[in-house]
Amino acid sequence: MSLTELSEQEIVRRNSLQKMKELGIDPYPAAEFPVNVSTLEIKENYSAELNNFQEIALAGRIMSRRIMGKASFAELQDSTGRLQLYVNRDEICPDEDKTLYNEVFKKLLDIGDVVGVKGFAFITQVGELSVHVKELFVLSKSLRPLPIVKEKDGQLFDAVTDPEMRYRQRYVDLIVNPYVKDTFLKRSKIINTMRQFFNEQGYLEVETPILQSIPGGATARPFITHHNALNIPLYLRVANELYLKRLIVGGFDGVYEFAKDFRNEGMDRTHNPEFTVMEIYVAYKDYLWMMNFTEEMVERVAIALHGTTKVQLGEIEIDYQRPFKRVTMYEAIREHTGFEISGKTEEELRDICKQLGIETDKTMGKGKMIDEIFGEKCEHHYIQPTFIIDYPVEMSPLTKKHRSVPGLTERFELMVNGKELANAYSELNDPIDQRERFEDQMKLSEKGDDEAMFIDQDFLRALEYGMPPTSGMGIGIDRLTMFMTNNLSIQDVLFFPQMKPEKPAETSDPDEKFLELGITAEWIEVIRKIGVKKVKDLKEMKAGKFFNDICGFNKKNKLGLDNPSLDEVNKWLS
RNA sequence: GACUCAGUAGCUCAGCUGGUAGAGCACAUCCCUUUUAAGGAUGGGGUCCUGGGUCCGAAUCCCAGCUGGGUCACCA
């Protein structure tokens, strides 16, 4: 990369790097730097009376500097937070040679550099806990200037808010926006809390295939790829349900997986093409048991994170205190539309949809229409945690038929803030019924529903060996994290949300290539600045426009170069 | 996919009824020399997202595109 393509500040930093090397300082040392304390531990436990933390070593990134001559202050940020450093010239340079302070600390170090310090904790005259630095070590030189975010009394100044920068360069977001890290710490805690809850009951954490030859367990468009050695298409899983059930058939009483699933569909505030789901299957249980289990799990997560069941989400407060309200789907529709849909025929339902202003088409069966009515008219009303139970059989091809109500299944969804958070069934374990349901799905598929399920013959074979009665539950971890951390966009709970790839910056041909064409040295940079980086691009330029562009650039930027003649320019381009 | 808003210095943003590109922070040089979103002085830094068009003249107006956000559609 040529220096002309770097910003002024980047050039300054590269020069500082070079000077450090000349002073015999390795800006990227290989050796371990033994840290014995974190900034948080000092902040939490320092006491002037005890006079503790008198021989400490800590490391982190320099986030600000206040140079005061022979005494300076800097803020060091490690993984636990920030702490002020006090750097005194004669402390870090006890001998005659003051280079480490005057040159290295004051001039060659920059905001963003990673350093290690040894010294002792103390309180400054203005009362701020600080580290009195006795020794300073450069651990990694930063060549790119960080955005400068300042903070006072919890208020941020000039915080980086540009979503593109925050999501593409999450590392920068994490460095400069302190609240971001907290979301991800909580995300980890949510998962750990759930895992601990499951392990306490003796359930087994398992892994199942992500590459599947039949993308089963949910009706969604899959990503497709190809395995070269087997010469077969493979799909990235849209769900792991059918594999977990195979394990129940195999004799495990409880299995669960935190799984990345992939769906090739639209992206928005609540959908990312890859997302995380926790699915759990427990033998000899039913969906009523699973409701209690789910409540307990969710309540436990809320308490683990916040110490209370009440969690703020945007303008509202969600209370995850057990028990959650339970409403059947038919009751929900009756309450929010006034229509009783129990026992209605397909034609009657179509008429109800029409009255409610819901568009229908020929491909929609009873189940799909009921689902539409619920989605349009009911779903958004359930802000506080609510179980919606007993779904129509057409929408639930993997769910056991209801024990007492024909046409329904033993299924619930947990709704929070008007969105589906978890989904659970008494699992269908009748292999003959399951085969028929798959065939019904195939018919829907032929009717035009391109999301109906593929038939997984091996899964049916497994059921034919006999699967114990089982209840399963899936919960969206990204969504749960959004609800639990008060983030309204899925992008804020994923470290690296999906983005369109950046166009790579075009690298420039070296000076020699331009010189070969007879272009004089002082014009090469001008040509690069107007966006022509390759000599081959010159061949395609019109001489007149090119002539105008470079002379205009010269004038506009007051470079004071003598313009070439049009003839000369013609020779360059020929 | 549709509509809509935005893209100006390393960062946050102003300028946008067209007329020589600005501020704060950051950076550089200097002053001060135990400060704290430090202070003072001076200075450097810009393909105003890209490409067309209108015009004597475009960051500004028009068209197309790129990237991102929002809303809607799609999304068991």
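Naming: A, B, ... by sequence-line order, numbering from 1 per chain.
B/C49 sits 16 Å from B/C16 when the P atoms are compared, rounded to a whole Å. To the nearest whole angstrom, the two C1' atoms, one in B/A38 and one in B/G24, are 15 Å apart. Between B/C48 and B/A6, the two C1' atoms lie 14 Å apart (nearest whole Å). Here the separation of B/G70 from B/A9, taken at their P atoms, is 23 Å to the nearest Å. With both ends at atom P, the span from B/A64 to B/C72 equals 25 Å, rounded to whole Å. Of the P atoms belonging to B/C27 and B/A59, the separation is 31 Å, rounded to the nearest Å. Comparing B/A23 with B/G44, their P atoms are spaced 11 Å from each other, to the whole Å. Here, B/C63 and B/U20 have their P atoms 25 Å apart, quoted to the whole Å.
The side chain of A/Lys368 approaches B/A76 more closely than any other nucleotide in the set B/A76, B/C11, B/C27. Taking every side-chain heavy atom of A/Tyr425 into account, B/A76 is the closest of B/U29, B/A76, B/G69. Of all nucleotides listed (B/A76, B/A26, B/G68), B/A26 comes nearest to the side chain of A/Gln9. Side-chain atoms of A/Asp110 lie closest to B/A28 of the nucleotides B/U34, B/A28, B/C11. The A/Lys107 side chain lies nearest to B/C30 when the options are B/C11, B/C30, B/U35. The nucleotide whose nearest atom lies closest to any side-chain atom of A/Arg65 is, among B/U34, B/G68, B/C27, B/C27. In the set B/A76, B/G45, B/G68, B/G68 carries the atom at the smallest distance from any side-chain atom of A/Glu164. The side chain of A/Pro145 sits closest to B/G10 out of B/G68, B/U35, B/G10. Proximity note for A/His271 (side chain, C-beta onward) versus B/C11, B/C75, B/G69: the nearest is B/C75. Checking B/C27, B/C25, B/G68 against every side-chain atom of A/Ile148, the shortest atom distance belongs to B/C25.
Between A/Arg221 and B/C75 there is no side-chain N or O to OP1 or OP2 distance below 4.0 Å. Contact check, A/Arg66 against B/U35: no side-chain N or O comes under 4.0 Å of OP1 or OP2. Side-chain N/O atoms of A/Gln84 include none lying less than 4.0 angstrom from OP1 or OP2 on B/U34. Between A/Arg269 and B/U71 there is a side-chain polar atom (N or O) within less than 4.0 angstrom of OP1 or OP2.
Base engagement by A/Tyr86 is indicated by at least one non-hydrogen atom pair under 4.0 Å involving a base atom. Counting non-hydrogen atoms under 4.0 angstrom, A/Arg166 reaches nothing in the nucleic acid. Counting any heavy atom pair closer than 4.0 Å across all strands shown, A/Glu151 reaches sugar-phosphate atoms only and no base atom. Within 4.0 Å (heavy atoms only), A/Glu372 reaches no atom of the nucleic acid at all. At the heavy-atom level, A/Asp268 lies under 4.0 Å from base atoms of the strands shown.
Within the shown strands, B/U29 is the pairing partner of B/A41 under the Watson-Crick or G-U definition, both distances less than 3.5 Å. Nucleotide B/C13 is matched to B/G22 when pairs are restricted to Watson-Crick or G-U wobble geometry with both distances under 3.5 angstrom. Pairing for B/C3 goes to B/G70, judged as Watson-Crick or G-U wobble with the two contacts each under 3.5 Å. A 3.5 Å limit on both hydrogen-bonding distances identifies no Watson-Crick or G-U partner for B/C48.
Aromatic ring centres of A/Phe262 and A/Tyr235 lie farther apart than the 6.0 Å criterion allows. Residues A/Tyr425 and A/Tyr287 keep their aromatic ring centres 6.0 Å or farther apart.
No donor-acceptor contact under 3.5 Å links the side chain of A/Ser64 to the base of B/U36. If you check distances only, the side chain of A/Asp158 never reaches the base of B/A26 with a donor-acceptor pair under 3.5 Å. For B/U36, its base sits under 3.5 Å from the side chain of A/Glu128 at one donor and acceptor pair at least.
Checked by atom type, the side-chain pair A/Asp492/A/Tyr167 shows a donor-acceptor distance below 3.5 Å. There is no side-chain donor-acceptor pair under 3.5 Å between A/Asp390 and A/Thr328.
Other residues, nucleotides and ligands place more than 12 heavy atoms under 6.0 Å from the NZ atom of A/Lys43.
The side-chain heavy atoms of A/His132 and A/Lys134, taken from C-beta on, include a pair separated by under 4.5 Å.
Comparing A/Ile67 and A/His132 along RNA chain B, the residue whose closest nucleotide (by nearest heavy atom) sits nearer the 5' end is A/His132. Both A/Arg168 and A/Val126 lie near RNA chain B, and the one whose nearest nucleotide falls closer to the 5' end is A/Val126.
Looking at A/Asp78, its side chain does come within 3.5 Å of a backbone N or O of A/Gly81 through a donor-acceptor pair.
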